[in-house]
Protein chains: 2
Amino acid sequence: MSEMQLGLRERTRRAVQREIAEAANVLFVERGFERTTIDDIAAATGMSQRSVFRYFASKEEIVLGKFDLVVDDMLAALRARPADEGVWTSLRHMFDVLVSLAQTPGHEQMVEPIHRVVFETPALFAGYLQKLQRMQDAVVVELLERAERAGEPYDADDPAPHALTAAAFGCLVAGQRAWLASGGQGSFADAIDRAMATVGPRT
Amino acid sequence: MSEMQLGLRERTRRAVQREIAEAANVLFVERGFERTTIDDIAAATGMSQRSVFRYFASKEEIVLGKFDLVVDDMLAALRARPADEGVWTSLRHMFDVLVSLAQTPGHEQMVEPIHRVVFETPALFAGYLQKLQRMQDAVVVELLERAERAGEPYDADDPAPHALTAAAFGCLVAGQRAWLASGGQGSFADAIDRAMATVGPRT
DNA sequence: TCGACTGTGGCAGTCTCTGCCACGTTCGGC
DNA sequence: GCCGAACGTGGCAGAGACTGCCACAGTCGA
């Protein structure tokens, strides 16, 4: 029962989670998030309400839970950037993880509608912003280590890593909204690029 | 029944709202947001649960509702900045409205504890971030008009105003968190200054 | 085969929030 | 001063998210 093999138990759990999430997402896109009850989702997957809550801590998590899984990938991507690259550029490339996630074949058609549900449902959007904030905490830690490794550590109370990260994530959201506003026509990556090109670190 | 005089009805309504909010804030700081029920607040103010919900759309709004009132002041402050001032500087001065709000005599002691409740209660923090996002929409509109007035309008699809605003608000939150992390010791305004000094528009 | 473990459903209960209705008070016109 | 209208309020029932608890069934190793 190693950690890497994940074990049968954990694998089936993930499978059921995925099944619930996919069924729920269809309903959310069809009827909207608030007009879909947990009972609807339970009925659609043939389970009881009680069991749905065994797989997801809340209704919100059914939609937003997947972002918890990307955090590690984003940190890994950030860590993989060359040490002498500018922070802003590295952060930009870290977001490529989100871009490629949106382009994963299979649920490609669902990405834009789900995105829209998140951005148009106040409760979901608020939860999303909060998750981004948690991501920023992890990113800041990574930036501090990165500077340490480069032999140019930040001062303990230097707000720069926090501010840069916050600004970058702000640009990310601005880019996402611009992309959604364009009806999902243009390139997601381009939208982020253009937003992040207008702001940057003070020399 | 003019709009400026506010009318007796609206004035008493505001008074009751204020009374509820103050009583609730005390309870929130004492026991925490989640461990305080609407019934507790109703009991503390001698009203019924039903009436509390007539004054506030939700439990969250009791804490976060006041931010809706500041938006207009912030926009006015932004509009009052000289036309030839840099956007980033103008945004920074717009935040002074929040700073002076935190220094309003009377509830000065409550500002830091309430701030802490907001930042430490996930549901409240998420709601706060969402309100900031709505503020940004209004700020962007103002920036577009400002550029228009200056004779240098942005292109219709230029992400710059959105990205700049998002970055500025990101710095605001970073500053607030730094201020809270320091135990509310340092100056709120300084924390924002230092965060916003590390980022800025690309020339 | 037996016993421990796990997943599941159902039930009761809490809490937020809403719609509805009935009551008392207040206010404007007469 | 009188009466109808408008308003604020409380209580009640109910939806919906979420939790704790218990009982039941299947599964797996000893």
Side-chain angles (χ1 to χ4, degrees), chain A residues 1-2 5-21 23-25 27-28 30-65 117-118 121-127 130, chain B residues 1-2 5-21 23-25 27-28 30-65 117-118 121-127 130:
Chain A
M1 205 177 288
S2 86
Q5 188 58 29
L6 264 185
L8 175 62
R9 210 159 55 235
E10 189 60 20
R11 238 186 310 154
T12 58
R13 180 177 171 78
R14 298 273 174 98
V16 177
Q17 263 188 344
R18 186 188 175 87
E19 192 182 342
I20 296 175
N25 282 342
L27 293 176
F28 291 155
E30 271 181 14
R31 314 182 204 172
F33 180 76
E34 287 158 346
R35 299 174 62 86
T36 305
T37 69
I38 300 288
D39 284 326
D40 292 336
I41 299 169
T45 54
M47 326 182 60
S48 71
Q49 190 204 63
R50 193 66 189 82
S51 285
V52 173
F53 279 116
R54 280 204 180 84
Y55 286 96
F56 291 97
S58 72
K59 196 178 164 188
E60 270 188 39
E61 282 298 296
I62 301 178
V63 181
L64 301 179
V117 168
V118 172
T121 306
L124 277 181
F125 188 51
Q130 198 206 1
Chain B
M1 205 178 288
S2 87
Q5 188 58 31
L6 264 183
L8 175 63
R9 211 160 52 234
E10 189 61 21
R11 238 186 311 154
T12 58
R13 179 175 173 80
R14 297 274 173 97
V16 177
Q17 263 189 344
R18 185 189 176 87
E19 193 182 341
I20 295 175
N25 282 342
L27 293 176
F28 290 155
E30 271 180 15
R31 313 184 204 172
F33 180 76
E34 287 158 346
R35 300 175 61 86
T36 305
T37 68
I38 300 288
D39 284 326
D40 293 335
I41 300 168
T45 53
M47 329 182 59
S48 69
Q49 190 205 64
R50 192 67 189 82
S51 285
V52 174
F53 278 115
R54 282 206 180 82
Y55 286 95
F56 292 96
S58 71
K59 195 178 164 188
E60 271 187 37
E61 283 296 297
I62 300 178
V63 180
L64 302 179
V117 169
V118 171
T121 305
L124 277 180
F125 187 51
Q130 198 206 5

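What you see is a predicted model; the values in this text were computed from it and never measured.
For Arg18(A), the CZ atom is loosely surrounded, since the number of other residues' heavy atoms within 6.0 Å does not exceed 12.
Going from atom CZ of Arg13(B) over to atom C1' of dC7(D) covers 12 Å, rounded to whole Å. Taking atom CZ of Arg9(A) as the reference point, atom P of dA4(C) lies 18 Å away to the nearest angstrom. Between the CG atom of Leu124(B) and the P atom of dT16(C) there is a distance of 12 Å, given to the nearest Å. Summarising the geometry, the separation between CD on Glu10(B) and C1' on dG8(D) is reported as 14 Å, rounded to the nearest angstrom. In this entry the distance linking CD1 of Ile41(A) with C1' of dC18(D) reads 13 Å, nearest Å. To the nearest angstrom, C1' of dT9(D) lies 16 Å from CD of Gln17(B). A straight line from CE of Met47(A) to P of dT8(C) spans 5 Å, rounded to a whole angstrom. Rounded to a whole Å, the CD atom of Glu19(B) is 11 Å from the P atom of dT9(D).
Nucleic acid contact for Thr12(B): none, since no nucleic acid atom lies under 4.0 Å from a heavy atom of the residue.
The strand DNA chain C forms stems, runs of 3 or more Watson-Crick or G-U wobble pairs with distances below 3.5 Å, at C:1-30 with D:1-30.
Not a single donor-acceptor pair under 3.5 Å links the side chain of Thr121(B) to the backbone N or O of Val118(B). A side-chain donor-acceptor contact under 3.5 Å links Gln17(A) to the backbone of Tyr55(A).
Between the NZ atom in Lys59(A) and the CG atom in Leu64(A) there is a gap of 12.0 Å [rounded to 0.5 Å]. Between atom CD1 of residue Ile20(B) and atom CG of residue Asn25(B) there is a gap of 11.5 Å, rounded to the nearest 0.5 Å. One finds the CZ atom of Arg54(A) at 8.5 Å from the CE atom of Met47(A) (value rounded to the nearest 0.5 Å).
Taking all atoms of both residues into account, the shortest heavy-atom contact from Gln130(B) to Ala126(A) is CB-CB, 4.0 Å.
Using a 4.0 Å cutoff on non-hydrogen atoms, the parts of residues 48-65 of chain B near DNA chain D are Ser48(B), Arg50(B), Ser51(B), Arg54(B), Tyr55(B), ordered by number.
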